[in-house]
Protein chains: 2
Amino acid sequence: MGTMVRKQTAADQALRLDNQICFAVYSTAHAFNRVYKPLFDRLGLTYPQYLVMLALWERDDVPVKDLGERLFLDSGTLTPLLKRLEAAELVRRTRSTEDERVVLIALTQQGHALREKAKAVPQSILAASDCTVGELLAMKDEIVALRDRLNAVLGE
Amino acid sequence: MGTMVRKQTAADQALRLDNQICFAVYSTAHAFNRVYKPLFDRLGLTYPQYLVMLALWERDDVPVKDLGERLFLDSGTLTPLLKRLEAAELVRRTRSTEDERVVLIALTQQGHALREKAKAVPQSILAASDCTVGELLAMKDEIVALRDRLNAVLGE
DNA sequence: TCCAATTGAATTGTGCGCAATATAAATTCC
DNA sequence: GGAATTTATATTGCGCACAATTCAATTGGA
């Protein structure tokens, strides 16, 4: 009987850990969003829009698919987001002449210019986190490794 | 000149780290959601709904505010979510007689019963993560610590 | 006692995030 | 070359997530 109780407890704890680490990531993502939001408000961007801009600042003139793969987002999310960025005149959306299926996303002059303003934005995390660069780097690597293993499960 | 270049590089890297750890958390949260989704589909729950149920399985008959504090969510998110859980007959929403402002959330019999079915659901993370329990626990603690420091910044 | 301030939920509006579906263009296979 | 398949994007619908507002109930103070 003692054994059964122990077994159940072990299983329960495993489940609880699953839930705990998942909730930890979930709630931390929201916390990041809330900390960043007032900073992004000044730029007229949301966090996902900022991510897209980050990706574009690194490499421009890319298909929607490319952005989706880099950010783990699909067209259902990106198409309306990119249309809002286009309405804000930060990007241009043009259909490729070589392959009429692909829509190429390019930065406008304003889109490029925003990069300088955006540079002044973050850096609060390092201060707020009360961690060393090394600790944050290690944490990042662990989280990314976890994410990649989860994503690997999805691809069978 | 060489000094200036170095300085800029260091600042750039700090910003990149900010962005990287934020994106790591953001994209991992989505990865969890995608892994869990087919499992929750079978229960007729979404992940946020599951979180609410988890909270209620621990403690029942609580005000909406209580749930919000435990899950870091506000009424704008919880009210419609709880109404959907009510429509699914998993919870009951009743206004407190002591204080007519508060709405108490209680589990129905089906809500309690779902706990057993839900127990069989997770546990895939432990397998998929390819981590030991100790590693996951440590990672969870680090992430939670980061989250709590971020949330502390919000409360000034 | 009465009025001002606070509190707890609900409502409204915007923007993700994703599944399912649609559509059109390209590619493959015969 | 033409049918079948695949690929890239767009559309629709649903459910968060949150800011801002509203409203009723309660609390605190003068």
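Sequence lines set the chain letters: A, B, ... in the order given, protein chains first and strands last, and positions in each chain run from 1. Atoms considered below: every heavy atom in the structure, side chains included; atoms not considered: hydrogens, waters and symmetry mates. Since the structure is predicted, the reported quantities are computational estimates derived from the model, not experimental observations.
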- prompt: Within this structure, what is the CD-to-P distance between B/Glu69 and C/dG8, rounded to whole angstrom?
  reply: 8 Å
4.5 Å side-chain heavy-atom contact, B/Arg70 and B/Arg59: yes
message: For C/dA10 and B/Thr79 - does any side-chain N or O of the residue sit under 4.0 Å from the phosphate oxygens OP1/OP2?
response: yes
- prompt: Does the base of D/dT9 carry an N or O that pairs as donor and acceptor with the side chain of A/Arg101 under 3.5 Å?
  reply: no
query: When A/Val91 is tested against each of A/Glu86, A/Arg84, A/Gln110 for side chain to side chain contact (heavy atoms under 4.5 Å, CB included), which residue passes?
result: A/Glu86
field: Nucleotide nearest B/Arg34 (side chain, heavy atoms from C-beta), chosen from D/dC18, C/dC18, D/dC16
entry: C/dC18
- prompt: What integer distance in Å separates A/Leu67:CG from D/dA8:C1'?
  reply: 13 Å
statement: Closest to the 5' end of DNA chain D, once B/Phe72 and A/Val102 are matched to their nearest nucleotides, is A/Val102
message: Any side-chain N or O of B/Arg95 below 4.0 angstrom from OP1/OP2 of D/dA25?
response: no
message: On the nucleotide D/dG15, are OP1 or OP2 found under 4.0 Å from the side-chain N or O atoms that B/Tyr47 carries?
response: no
- prompt: Once the angle between the rings of A/Tyr36 and A/Phe40 is folded into 0 to 90°, is it parallel (under 30°), tilted (30 to 60°) or perpendicular (over 60°)?
  reply: tilted
- request: Have a look at A/Pro63 and say if it touches a base, only the backbone sugar-phosphate, or nothing, with a 4.0 Å heavy-atom cut-off.
  value: sugar-phosphate
field: Plane angle bin for B/Tyr50 and B/Trp57 - parallel if under 30°, tilted between 30 and 60°, otherwise perpendicular
entry: perpendicular
field: Upstream residue (5' side of DNA chain C) when B/Val64 and A/Thr46 are each assigned their closest nucleotide
entry: B/Val64
query: NZ of B/Lys37 versus C1' of D/dC16: gap in Å, rounded?
result: 13 Å
query: Atom CG of B/Leu71 and atom C1' of D/dA17: how far apart are they, to the nearest Å?
result: 13 Å
task: Ignoring backbone atoms, test whether A/Thr77 places a side-chain nitrogen or oxygen under 4.0 Å from the OP1 or OP2 oxygen of C/dG17.
output: no
task: Using whole Å, report how far CG of B/Leu82 lies from P of D/dC16.
output: 10 Å
- prompt: With a 3.5 Å cut-off and no angle check, do the side chains of B/Thr108 and B/Arg92 form a donor-acceptor pair?
  reply: no
- prompt: If every non-hydrogen atom of A/Ala24 is compared with every non-hydrogen atom of B/Ile143, which pair is closest and at what distance?
  reply: O-CG2, 3.7 Å
- prompt: Considering only heavy atoms and no angle criterion, is a donor-acceptor pair shorter than 3.5 Å present between the side chain of A/Ser75 and the base of D/dA8?
  reply: no
query: Touch check for A/Leu78, heavy atoms < 4.0 angstrom, all strands: base, sugar-phosphate only, or nothing?
result: nothing
- request: Specify the separation, in whole Å, of atom CG of A/Asp74 and atom P of C/dA19.
  value: 7 Å
message: Does a side-chain N or O of B/Lys83 approach OP1 or OP2 of C/dT11 to a distance below 4.0 Å, or not?
response: yes
query: OP1 or OP2 of C/dG15 less than 4.0 angstrom from a side-chain nitrogen or oxygen of A/Gln49, does that happen here?
result: no
message: In this structure, how many angstroms lie between the C1' atom of D/dT7 and the CD atom of A/Glu98, rounded?
response: 16 Å
- prompt: Could you give the CG-to-P distance, from A/Leu81 to D/dT11, as a whole number of Å?
  reply: 15 Å
message: Check this one for me: any side-chain N or O of A/Arg84 less than 4.0 Å away from OP1 or OP2 of C/dT14?
response: no
